[in-house]
Amino acid sequence: MSHSVVMSPSEISDGLTTPDEDAPLKRKFGTVEPARPTPAKKRVATFVDPHYARRGQETTKQRIARAAKEAMTIYDYNDCPLPDGHIRLLFLKPDTDPNADIVVELRSFAVDEITDSPEDHQFTALSYNWGEGDESKIVLIDMEADDGPAPKPKINEFSEVVTQFKKRMRRMNIKPNLYAFLLEFRDRQNEVALWVDRICINQQSNAEKADQVSRMSMIYSTATNVSIWLGPADEDLKTDRAMDFIGFILQDDVGGKLSDNYAKDWSELLYLMRRRWFSRRWIIQELALAKNAEVRCGSKRNHWRDFSDAVSVFALHFDTILKIIKSKPELEKSLEGIKDMRPLGARILVDVLSNTFQRRADGTIYAPRQGLENLVSSLSTFETSDPRDTIYTLLNLAKETFELPSISTELNGQKKRRTIMENPPPVPDYTVDLLEVYTNFVKWCVKESNSLDILCRYWALPELKQKLDEFYPRLVVLPSWIKTVRDSAYGAQIEGFGGRRTGDSFVGTPANRCYNASSDMRPQISFGRDQPGPIQQEKQNRTSFDDIGKERPTPSRRLRSFARSHRVQRPPLDLNSSITVKGICIGKVMSQSLMLEGIIPKQVLKSLGHDGDSAELEGVSDTVWRTLVADRDPEGKAPPAWYHRACMTCLVADTKFGNIDTNSILQQDDMATLKADYLKRVQAVCWNRTFIECDGRDGEEKRLFGIGPGDTLANDLVCILFGCSVPCILRPTWRGSGDEYTPDYYELVGEAFILGQMDGEAITDLTEEERKGEHFRLM
């Protein structure tokens with residue numbers, strides 16, 4: 001495949017640049033010209049399925065050459081050292097044969113040299129998914145630098161091939177997905193410059209990885225183009241047709257394409273959007289920083305702006321498109337459980353990129369819009385092969401940690417001085433284990449936000465089942481106060497295709513907290529790993545900083561009685577993974593009812609005060625309709641008055657056994673919009689969560705009602721931790737060493753909604769002595 005190549009503005013003659021005779025000779029380079037966005041046109045072009053040519057079978061020549069490559073010496077990165085302040089670029093050698101070996105050259109360049117003269121150093125940065133499987137493909141590294149095509153020895157005898165190649169070439173093994181990209185991207189006539197993490201970074205050096213990760217903001221913001229590689233085309237050519245359909249969607253009004261005639265096209269676009277690339281965590285910064293980006297899949301390519309607009313159109317008309325696809329029985333299987341657009345990575349990515357940076361009029365980046373805690377919390381479903389990158393991938397996008405060439409030195413200096421002095425943010429360090437990375441992040445968040453809400457958010461990627469490689473630190477067990485994305489509303493992206501798994505988070509985002517249960521009280525927290533001496537010593541384990549006393553306090557009589565009634569035995573854990581927080585216990589769970597997949601059981605309604613035997617209703621108790629929506633609308637604001645009326649219509653709906661079956665009611669074609677909106681909010685709150693009844697602080701006379709995690713058990717404690725905006729469910733746990741009344745630690749089951757306790761009511765009624773709170777060690 002032939003491409004036009006972007007060269008520097010210098011004079012070009014016969015494909016070669018002509019340097020100034022008096023100027024020092026410097027290597028200038030270019031890259032493949034990126035795709036252009038689709039212009040708006042008055043007339044609509046006809047949509048035609050693309051022609052697709054398959055690659056031929058491996059020839060005898062190629063088999064011999066492959067054997068020769070496997071006999072070569074593996075590339076040593078010491079042959080291309082990386083001085084401080086440098087990055088490597090690879091130069092992809094041209095070839096007219098689409099099946100020829102991939103040959104590249106590696107060279108290092110000073111970052112300042114590239115940023116000072118970007119027109120003379122034009123390169124493409126690759127954004128791709130490494131893919132599964134072994135590194136079974138071989139790339140040849142040319143050790144004799146020049147701008148010409150790759151050498152091609154005559155294939156007369158096997159020994160001759162080996163001899164010629166060994167003199168000049170080294171080999172590097174890569175995965176098939178990257179190899180497929182290099183085949184497609186290679187130009188027929190011109191050498192092109194690329195930055196590819198797998199090849200340009202020594203993956204066996206933790207120090208180099210940490211250094212280069214910190215420079216990725218410069219790499220992706222300086223690159224002439226960011227090429228998004230979705231992978232090779234599929235055998236049925238669905239991705240080829242989907243890539244062509246994108247341009248068709250954006251021409252003229254989309255309304256005419258929302259018909260059964262285009263069911264197959266929409267189905268294939270959905271198929272394309274489910275490519276693994278959209279689940280990668282690194283793509284967020286790679287795209288957010290890009291000056292220009294294109295999407296490639298097989299031999300097809302589109303400008304990122306076109307792709308983004310097509311995804312937005314799909315999301316806007318999602319319900320209609322789903323009906324169109326379902327109207328064709330042969331296409332219904334393509335949905336594969338897709339019930340909601342919200343967990344789809346392509347949709348999340350398009351939405352978040354529009355609100356990542358403030359930009360100047362010329363499009364250059366001025367400053368990030370969001371903080372690190374907000375980014376990590378809101379982008380939790382994106383995956384990475386190394387879970388430590390849960391934090392590291394977003395450092396270049398956050399207010400507290402950004403470092404971009406387009407930001408003034410003065411602004412960067414002010415930011416650095418502030419964060420270093422007040423609360424140094426996380427920095428990449430691939431020598432430490434996952435627990436230390438996560439603990440450092442939580443500690444930073446608590447101090448930065450003056451809140452414990454990070455303990456309730458499902459933000460973390462889980463630990464690996466086995467080490468990535470010999471350089472990966474020990475595998476760890478995460479404590480209950482580090483919540484993983486698998487337990488979030490939609491789970492990991494690949495799990496989200498099956499629809500909602502549980503309700504939306506009660507704590508909201510750091511920038512938009514929905515409640516204030518602890519009435520703005522400051523968090524009081526200590527970390528077990530920070531305590532002096534052997535962590536196994538009980539007294540030292542209970543120490544803390546700030547306002548937490550140095551001695552282990554005696555629990556209150558009420559807390560002792562609660563804990564005694566609920567003894568749970570657990571095996572010993574690493575006490576370095578503990579934290580100690582202060583708060584109050586406001587009740588104990590007396591009974592619970594699971595609200596499975598959006599069905600509100602009759603017993604729950606009865607507990608809330610609704611008589612299910614009435615044929616008609618004139619009103620419904622606030623306890624009922626407010627509890628089912630957690631007393632908030634989808635934006636976290638006070639619920640609208642019409643929720644009361646919508647709840648009444650749901651309660652008299654004809655569903656089985658006196659339950660509110662939200663799914664059944666939502667499937668009714670004649671359903672009013674207000675009722676639908678109310679039921680969707682009920683699902684967002686109650687789905688697979690547990691309705692709980694608790695005895696309140698005043699005993700049986702004041703019972704509390706609310707909603708907790710799906711695995712809440714009777715005798716769990718409902719607590720308000722100082723600095724946390726919502727109540728929490730804690731489970732007293734013994735290892736066997738604690739006394740009869742005092743558990744060794746508590747498990748954080750999760751966040752909860754308790755009607756009438758979400759805006760500081762429990763704190764307001766406390767005496768000065770009670771405001772000192774109880775100690776809870778969480779593990």
Side-chain angles (χ1 to χ4, degrees), residues 238 242 245-246 248-250 252-275 278 307-352 354 381 489-491 493-504 597-599 629 633-635 640 642-643 646-647 649-650 653 655 660-688:
K238 289 188 288 188
F245 186 53
I246 288 170
F248 181 62
I249 293 172
L250 302 179
D252 202 12
D253 183 64
V254 73
K257 292 116 181 172
L258 298 175
S259 68
D260 295 351
N261 294 334
Y262 297 99
K264 182 179 180 181
D265 302 306
W266 290 114
S267 174
E268 290 172 342
L269 179 57
L270 178 60
Y271 175 81
L272 181 67
M273 289 191 293
R274 294 178 66 174
R275 280 283 172 118
F278 292 104
F307 194 95
S308 174
D309 289 346
V311 171
S312 297
V313 168
F314 194 104
L316 181 63
H317 301 285
F318 177 74
D319 291 337
T320 301
I321 292 171
L322 236 59
K323 291 179 181 177
I324 291 172
I325 297 174
K326 288 179 179 179
S327 70
K328 304 289 185 179
E330 68 275 14
L331 298 176
E332 194 165 2
K333 185 180 178 182
S334 68
L335 296 176
E336 294 185 37
I338 291 286
K339 299 176 182 177
D340 200 322
M341 189 72 181
R342 278 177 290 182
L344 209 61
R347 199 272 315 166
I348 299 172
L349 186 63
V350 167
D351 286 352
V352 75
S354 64
T381 61
Y490 291 94
Q493 274 199 42
I494 194 168
E495 299 167 332
F497 292 146
R500 180 180 289 280
R501 295 166 62 88
T502 188
D504 294 343
E597 296 189 350
I599 297 178
V629 295
D633 72 0
E635 305 302 320
W642 58 262
Y643 270 16
C647 182
T649 60
C650 295
T655 57
I660 295 181
D661 186 342
T662 58
N663 293 304
S664 176
I665 301 174
L666 281 170
Q667 290 172 1
Q668 298 174 12
D669 294 334
D670 59 346
M671 181 182 54
T673 302
L674 292 183
K675 187 197 294 186
D677 289 345
Y678 177 77
L679 286 173
K680 289 177 181 178
R681 175 58 186 163
V682 171
Q683 289 186 341
V685 169
C686 300
W687 195 276
N688 286 344

Exercise. Rounded to the nearest 0.5 Å, what separation is found between the CG atom of Leu679 and the CG atom of Leu674?
Worked result: 11.0 Å

For this session: Would you mind checking if Asp351 and Arg347 are paired as a salt bridge, meaning a charged N to carboxylate O distance below 4.0 Å?
Result: yes

Problem set entry | Smallest separation among heavy atoms of Ala489 and Gly503, with atom names | CB-O, 3.7 Å

Problem set entry | Ile321 side chain reached by Leu269 side chain, heavy atoms, under 4.5 Å | no

Exercise. Is it true that atom CD of Glu635 has more than 12 heavy atoms of other residues, nucleotides or ligands lying nearer than 6.0 Å?
Worked result: no

For this session: Check the pair Ile660, Ile599 against side chain to side chain contact (heavy atoms under 4.5 Å, CB included), reporting the backbone distance first and the verdict last.
Result: CA-CA 6 Å; Ile660 295 181; Ile599 297 178; over 6 Å; no

For this session: Go through the steps to decide whether Lys675 and Leu666 satisfy the test side chain to side chain contact (heavy atoms under 4.5 Å, CB included), and finish with yes or no.
Result: CA-CA 8 Å; Lys675 187 197 294 186; Leu666 281 170; over 6 Å; no

For this session: Indicate yes or no for a side-chain donor-acceptor contact from Arg500 to the backbone of Tyr490 under 3.5 Å, with no hydrogens or angles considered.
Result: no

For this session: Of all the heavy-atom pairs spanning Thr662 and Gly598, show the shortest one and how long it is.
Result: OG1-O, 2.6 Å

For this session: Would you check if Arg501 and Trp687 make a side-chain contact, meaning some heavy-atom pair closer than 4.5 Å?
Result: no

Problem set entry | side chain to side chain contact (heavy atoms under 4.5 Å, CB included) between Ile249 and Phe314, intermediate numbers included | CA-CA 10 Å; Ile249 293 172; Phe314 194 104; over 6 Å; no

Exercise. Do Tyr643 and Asp677 have side-chain heavy atoms sitting under 4.5 Å apart?
Worked result: no

Problem set entry | For Ser259 against Gly256, the heavy-atom pair lying closest together | OG-O, 3.9 Å

Exercise. Hey, are Asp253 and Lys257 close enough for a salt bridge, meaning a charged N less than 4.0 Å from a carboxylate O?
Worked result: no

Exercise. Would you call the rings of Trp266 and Phe245 parallel, tilted or perpendicular, where under 30° means parallel and over 60° means perpendicular?
Worked result: perpendicular

Problem set entry | Straight-line distance of Glu268 CD to Tyr271 OH, nearest 0.5 Å | 9.5 Å

For this session: Would you name the heavy atoms of Ile324 and Leu258 that are closest together and state the gap between them?
Result: CD1-C, 3.4 Å

For this session: For residues Cys650 and Ile665, report the shortest heavy-atom separation together with the two atoms involved.
Result: O-CD1, 4.1 Å

Problem set entry | From Leu331 atom CG to Lys264 atom NZ, the distance as rounded to the nearest 0.5 Å | 8.0 Å

Exercise. Are the ring centres of Phe278 and Phe307 closer than 6.0 Å?
Worked result: yes

Problem set entry | CD1-CG distance between Ile325 and Asp260, expressed to the nearest 0.5 angstrom | 11.0 Å

Exercise. Minimum heavy-atom separation for Val350 to Ser312, with atom names?
Worked result: CG1-OG, 3.4 Å

Seminar exercise, completed: To the nearest 0.5 Å, atom CD1 of Ile246 lies from atom CG of Leu272 at 5.5 Å

For this session: Give, for atom CD of Glu597 and atom SG of Cys686, the distance between the pair rounded to the nearest 0.5 Å.
Result: 14.0 Å

